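Side-chain atoms are counted along with the backbone in the values below, which use heavy atoms only and exclude waters and symmetry mates. Residue numbers run from 1 in the order of the sequence given. Since this is a predicted model, take the numbers as computed values, not measurements.
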Amino acid sequence: MSAKEKPGWLIIAGLGPGDDRMVTPEVTEALSQATDIVGYIPYVARVAPRDGLTLHPSDNRVELDRARAALEMAAAGHKVVVVSSGDPGVFAMASAVFEALEGRPDWQALDIRVLPGITAMLAAAAAAGAPLGHDFCCINLSDNLKPWEVIDTRLRHAARADFAMAFYNPRSASRPEGFVKALQTLRQECGPDRLVTFARAVSTPDQRLITVTLAEATPEMADMRTVVIVGNSATRRVGRFVYSPRSAG
Ligand code: SAH
């Protein structure tokens with residue numbers, strides 16, 4: 001069917017870390033033109049209801065089903081926005097949508113766009129100072145989709161390469177032991193004096209920021225609303241800020 005008969009589209013949009021002022025104007029525009037919003041319950045709840053807009057909140061564990069449902073609607077002529085927190089390409093829905101496109105040339109022909117958002121580590125780094133000011137990497141500590149051995153290997157290699165590191169999904173009630181192991185690995189590789197920032201609920205009224213050394217860090221400092229930033233060997237404090245000098249390494 002031609003695009004003229006079926007002018008549906010699918011946008012995968014990032015809502016930023018929490019503060020409405022961190023939603024980009026192009027995302028706001030897409031939300032205002034949408035007929036359907038698809039996403040994890042708390043993210044869909046951030047979109048104001050209005051006439052002509054149907055909200056489709058769903059549980060987080062069914063990302064591929066959610067992506068397929070969104071594509072079905074776009075193929076049927078709906079204007080669909082799939083929402084993620086932060087950036088949709090960072091441990092979020094954009095990959096799920098592209099995975100759903102595999103083997104579906106009909107869906108591949110749809111009008112699909114990804115709109116970036118401010119990801120948690122960038123909002124957290126800005127709140128702390130500039131701990132990601134030199135080379136850094138970003139690791140998802142959830143072992144839902146990969147074995148812990150992979151995570152441990154990546155942690156060790158990143159530490160040995162002296163990257164600053166940002167960790168997403170550091171610790172949940174269902175897997176409290178992973179972050180205990182991560183801290184042990186980091187202490188082995190980076191020593192006790194390395195700075196680590198726990199940034200919780202950044203840009204929301206619950207925001208809490210604390211910077212300690214690895215020796216002082218405890219697993220309870222992180223939860224699922226926390227992004228953890230471990231500095232490189234040159235990361236230091238200046239006044240109340242933490243930064244990594246441009247010349248590190
Ligand atoms: N797509 C999102 C990340 C989804 S994974 C993004 O780009 O930000 C979910 C993880 O993101 C959480 O476990 C936490 O580690 C981090 N996160 C999301 N929002 C956050 C916030 N406001 N403050 C701190 N961490 C946050």
Checklist entry - P57: what forms a side-chain contact (heavy atoms from CB on, under 4.5 Å) with it, not counting sequence neighbours? => result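 Here the qualifying residues are I41, V44, L55.
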
Item to check | Close side-chain approach of F179 to N169, heavy-atom, < 4.5 Å | outcome: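 No; the side chains remain at least 4.5 Å from each other.
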
Next on the checklist: Could you check whether any side-chain heavy atom of N140 comes within less than 4.5 Å of a side-chain heavy atom of K146, counting everything from C-beta outward?
Outcome noted: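 Yes; the side chains approach each other to less than 4.5 Å.
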
Checklist entry - Are a donor atom and an acceptor atom from the side chains of D162 and S233 found within less than 3.5 Å of each other? => result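 There is such a pair (donor and acceptor under 3.5 Å, judged by atom type) between the side chains of D162 and S233.
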
Next on the checklist: Could you walk me through whether D143 and I151 satisfy the side-chain contact (heavy atoms from CB on, under 4.5 Å) test, starting with their C-alpha distance in whole Å, then the side-chain angles of each, then the deciding distance to 0.1 Å, before giving a yes or no?
Outcome noted: CA-CA 8 Å; D143 58 359; I151 298 173; 3.9 Å; yes

Main chain of [Y], side chain of [X]: is a donor-acceptor contact present, judged purely on distance under 3.5 Å?
X    : Y    : answer
R237 : V242 : no
S84  : M93  : yes
R187 : L214 : yes
S244 : P131 : yes
K181 : D152 : no
E102 : E99  : no
R160 : E189 : no
N232 : T235 : yes
H134 : R246 : yes
H78  : A74  : no

Which residue pairs satisfy the side-chain hydrogen bond (donor to acceptor under 3.5 Å, both in side chains) criterion with at least one member in [range], sequence neighbours excluded?
range            : value
residues 10-22   : D19-R21
residues 194-204 : T197-T211, R200-D223
residues 26-35   : none

Checklist entry - What is the distance from atom CZ of R154 to atom CZ of F163, rounded to the nearest 0.5 Å? => result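 The CZ atom of F163 is 13.0 Å from CZ of R154, to the nearest 0.5 Å.
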
Next on the checklist: For the OG atom of S58 and the CZ atom of R66, what is their distance to the nearest 0.5 Å?
Outcome noted: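 These two atoms lie 3.5 Å from each other.
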
Next on the checklist: I'd like to know if F91 and L132 are part of one continuous hydrophobic network [Ile/Leu/Val/Met/Phe/Trp/Tyr, side-chain heavy atoms within less than 4.5 Å].
Outcome noted: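 Looking at the clustering, F91 is in the same group as L132.
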
Item to check | Sequence-distant partners of R50, side-chain hydrogen bond (donor to acceptor under 3.5 Å, both in side chains), two or more places apart | outcome: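 With sequence neighbours excluded, R50 shows a side-chain hydrogen bond (donor to acceptor under 3.5 Å, both in side chains) to no residue whatsoever.
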
Next on the checklist: Could you check whether D36 pairs with K79 (Lys NZ or Arg NE/NH1/NH2 to Asp/Glu carboxylate O, under 4.0 Å)?
Outcome noted: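 The answer is no: the pair does not qualify as a salt bridge.
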
Item to check | Qualifying residue for side chain to side chain contact (heavy atoms under 4.5 Å, CB included) with V81, from L53, L31, V38 | outcome: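 Among the candidates, only L31 passes.
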
Please tabulate, for side-chain N and O atoms in residues 108-124, each donor-acceptor pair with protein atoms closer than 3.5 Å (sequence neighbours left out).
residue	atom	partner	partner atom	Å
Q108	NE2	L101	O	2.8
T119	OG1	Y168	OH	2.6

